[in-house]
Amino acid sequence: MISEEAGEMLMVYDDPSNQQLLSLDDGSSTEESHDDTRLSLETNTDTVPYIGQRFATHDAAYQFYSEFAKRCGFSIRRHRTEGKDGIGKGLTRRYFVCHRAGNTPAKAANEGKQQRNRKSSRCGCQAYIRISKSSELGAFEWRVTGFANHHNHELLEPNQVRFLPAYRSISEADKSRILMFAKTRISVQQMMRLLELEKCVEPGYLPFTEKDVRNLLQSFRKIDSEDESIDLLRICRNIKDKEPDFKFEYLLDSNNRLENIAWSYASSIESYDVFGDAVVFDTTHRLTAIDMPLGIWIGVNNYGTPCFFGCVILREENLRSLSWALKAFLGFMNGKAPQTMLTDQNMCLKEAMAAEMPSTKHALCIWMIVAKFPSWFNAVLGDRYNDWKAEFHRLYNLESIEDFELGWRDMVTSFGLHANRHIANLYALRSLWALPYLRSHFFAGMMAIGHSKSINAFIQRFLIAQTRLPHFVEQASVAVDFKDQAAEQQIMQQNLQNINLKTGAPMESHAASVLTPYAFSKLQEQLVLAAHYASFQMEDGFLVRHHTKLEGGRKVYWMPREGIISCSCHQFEFSGILCRHTLRVLSTGNCFQIPERYLPVRWRRVTGTPPSKLVRDPQRNHSENVQLLRNMVSSLISESGKSKERLEIATEGVSMLLSRIREQPVSSTDGNAIQRNV
């Protein structure tokens with residue numbers, strides 16, 4: 001219970017000699033509803049402001065009120081003053097208010113200048129303290145003449161209030177340490193860990209955040225960054241001169257400094273045209289050397305290997321810059337938006353996608369979510385963590401939304417997670433990550449948690465051996481070329497593998513001749529399982545269920561004349577691979593080949609280039625000739641791997657061709673271009 005004396009202390013104090021209404025801004029009210037007011041209570045009355053309290057200076061009063069505010073869960077700022085130093089009686093009265101006092105006025109739109117989309121924290125809070133200057137016995141002092149501790153917002157807990165900007169600071173000694181760490185090019189996260197160890201504080205309890213450190217480093221790098229930005233643009237223009245199909249976009253700020261830059265290579269744009277239906281936009285990395293956010297667009301090709309689509313470096317990861325990045329990406333790809341895009345849990349990116357890619361289905365990368373589970377749930381669940389994780393994966397892979405909803409409620413109850421904020425947040429965003437909500441959208445298999453290993457390995461090639469900003473574009477080009485070569489080796493290895501037919505069904509051999517080994521292996525799994533299912537013809541289609549089940553099943557709709565078949569499990573829509581249910585119905589209906597439309601081009605083997613396109617074209621530039629050669633080599637590998645005889649002929653022929661090529665002279669310009677592109 002709050003005592004009557006303490007209760008009065010929580011209300012408005014005012015000196016009778018200074019009776020006047022407090023107005024923090026033109027739109028604020030002098031009265032607060034008790035239903036909407038949060039009251040802060042400090043049990044030690046010696047540290048609570050009171051009417052008549054005296055201070056030697058107004059700075060001392062501000063410091064006292066700031067310490068009081070920190071204990072209560074808010075911060076303060078200087079507000080209105082009366083009088084002015086050096087004029088008349090000088091400064092006579094000051095107001096210090098809650099940091100959420102007042103309301104931010106709407107800014108007039110300025111077409112020539114882009115506005116920052118930053119949400120204000122001000123909500124018209126009326127908490128304040130007023131001090132007035134008085135003179136007794138010829139000495140000036142400051143006396144508290146007004147005090148209100150009403151808050152119309154939630155007050156922060158002690159472990160949260162320290163993150164308010166007013167209470168975050170980096171000492172000069174810490175600045176020196178951070179600058180020393182920066183010279184060793186370790187990441188900001190590593191800097192924070194080292195400082196925590198040096199100061200013997202728990203993780204997250206330094207008086208500043210990672211963002212503060214990044215801002216500090218950015219301020220020191222401003223001059224260097226300007227020079228590097230000029231070099232970066234110069235390098236991009238040089239690449240563009242040598243490779244006309246190389247694309248890049250950049251944005252300068254009002255001071256003509258580079259703010260954002262994005263680029264894509266000719267081979268990336270060509271890959272996107274076929275494999276850009278499902279894209280991962282990973283913005284979770286930073287360039288260690290310059291500590292700037294990095295975004296990479298990645299897809300997966302017909303052989304199941306990652307392929308690079310584009311890259312962007314941003315000064316800040318906010319709504320404005322992310323919207324710019326998406327616009328630039330669409331520009332590279334001739335306005336063609338992906339069907340689906342996977343991202344991290346970034347609300348700014350969610351808004352940007354809704355505005356710039358409204359037709360694209362946005363989803364969250366499940367592997368990025370799962371990576372956070374140990375820090376979220378390990379301490380909370382203890383020995384039950386692994387059991388909970390297994391249950392989460394079971395729910396994640398369900399097909400029915402109804403089953404997911406029921407299972408989620410049971411899981412929350414079983415593990416006592418009703419009050420867990422991470423569980424609440426996951427549930428609120430379930431339509432963006434849970435498979436039951438996403439199965440009708442195509443993701444090219446990238447929703448699988450295991451797929452993250454290949455994508456992460458791909459991204460690491462961009463992050464290894466970083467030097468300075470301008471050279472990153474060239475390093476990325478080398479990484480893409482290296483990955484292309486590695487992908488071709490993997491393609492060759494896949495094609496050289498003997499395809500093992502497991503069912504003997506004509507549909508299986510037909511699919512093996514059309515699909516890549518990667519895609520065929522996925523379809524073959526479903527063909528093998530289809531043999532364990534029974535189909536029952538209904539009035540409006542087929543009911544297919546496992547032979548051991550007496551109830552349930554999946555509805556399959558088949559129109560043989562139109563060559564259309566669909567299943568209620570939506571696997572084809574989700575992965576581009578027919579499910580066991582549809583394959584069972586096709587087999588029952590004496591279908592010996594999979595309908596053409598259910599062998600997507602994006603999963604087929606690389607087709608040969610028509611002979612007409614192989615004729616020498618004097619108008620085709622060097623980059624196009626290199627790409628044509630790349631396609632021919634890929635076709636050679638694909639065709640040669642189908643038999644031992646073909647492989648022997650190809651090996652002998654390529655050996656002779658290489659000998660002839662090495663006899664030809666090499667010009668410096670063309671030689672460099674070939675080395676970079678092939």
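Residue numbers run from 1 in the order of the sequence given. Keep in mind that this is a model prediction, so the values were computed, not measured.
For Glu172, the salt bridge (Lys or Arg N to Asp or Glu O under 4.0 Å) partners at least two apart in sequence or on another chain are Lys175. Residues passing the side-chain contact (heavy atoms from CB on, under 4.5 Å) test with Ala352, sequence neighbours excluded: Leu319, Leu322, Ser323, Leu326. The salt bridge (Lys or Arg N to Asp or Glu O under 4.0 Å) test applied to Asp410 returns no partner, not counting sequence neighbours. Annotation: salt bridge (Lys or Arg N to Asp or Glu O under 4.0 Å) contacts of Glu317 (sequence neighbours excluded): none. In this structure Arg430 satisfies the salt bridge (Lys or Arg N to Asp or Glu O under 4.0 Å) test together with Glu405, sequence neighbours excluded.
Thr340 places no side-chain N or O within donor-acceptor distance of the main-chain N or O of Lys361, the cut-off being under 3.5 Å. Lys133 contributes no side-chain N or O that, together with a main-chain N or O of Phe140, makes up a donor-acceptor pair within less than 3.5 Å. Judged purely by atom type and a 3.5 angstrom limit, Ser431 has no side-chain atom pairing as donor or acceptor with the backbone of Tyr437.
The CG atom of Leu258 lies 8.5 Å from the CD1 atom of Ile313; values are rounded to the nearest 0.5 Å. The CD1 atom of Ile76 sits 8.0 Å away from atom CD1 of Ile129, with the distance rounded to the nearest 0.5 Å. To the nearest 0.5 Å, atoms CZ (Arg122) and CG (Asn103) are separated by 9.0 Å. One distance of note links SG of Cys98 with NE2 of His79; it measures 12.0 Å at 0.5 Å rounding. Separation of atoms CG (Asn318) and CH2 (Trp324) is listed at 12.5 Å; rounding is to 0.5 Å. For the atom pair Met357 CE and Ser359 OG, the distance stands at 8.5 Å (nearest 0.5 Å).
Contact check for Thr81 versus His58: no side-chain heavy atoms found under the 4.5 Å cut-off. No side-chain heavy atom of Phe147 sits under 4.5 Å from any side-chain heavy atom of Gln53. In this structure the side chain of Ile423 reaches within 4.5 angstrom of the side chain of Phe377, judged on heavy atoms. Side chains of Pro293 and Glu316 form no contact here, defined as non-hydrogen atoms less than 4.5 Å apart. At least one side-chain heavy atom of Cys365 sits under 4.5 Å from a side-chain heavy atom of Val280. Here the side chains of Asn149 and His151 are in contact, with some heavy-atom distance below 4.5 Å. Between Leu342 and Met447 the shortest side-chain heavy-atom distance falls below 4.5 Å. Residues Asn152 and Cys123 have side chains in contact (heavy-atom distance under 4.5 Å, counting atoms from C-beta outward).
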_Test ring-ring contact (aromatic ring centres under 6.0 Å, His included) applied to Phe392 and Phe373, step by step_ = CA-CA 11 Å; Phe392 175 88; Phe373 281 178; 4.9 Å; yes
*Applying side chain to side chain donor-acceptor pair (under 3.5 Å), run through Arg93 and Ser132 and close with a yes or a no.*
CA-CA 4 Å; Arg93 183 172 294 173; Ser132 302; 3.2 Å; yes
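Around NZ of Lys350, the count of heavy atoms belonging to other residues, nucleotides or ligands within 6.0 Å does not exceed 12.
Scanning all heavy atoms of the two residues, the minimum distance from Leu364 to Asp344 falls at CD2-O, 3.5 Å. What you find for Ser66 and Tyr167 is that their closest heavy atoms are O-OH, 3.3 Å.
Between Phe443 and His441, the ring-plane angle classifies as perpendicular under the 30° and 60° cut-offs. By the 30° and 60° cut-offs, the orientation of the rings of Phe64 relative to Phe55 is tilted. Classification of the Tyr396-Trp433 ring pair by plane angle, with boundaries at 30° and 60°, yields parallel.
Legend: side chain to side chain donor-acceptor pair (under 3.5 Å) pairs involving residues 374-392, not counting sequence neighbours, sorted by first then second residue: Glu391-Arg394.
Note that Arg100 lies outside the cation-pi zone of Phe74, set by a 6.0 Å cut-off to the ring centre and a 45° limit from the axis.
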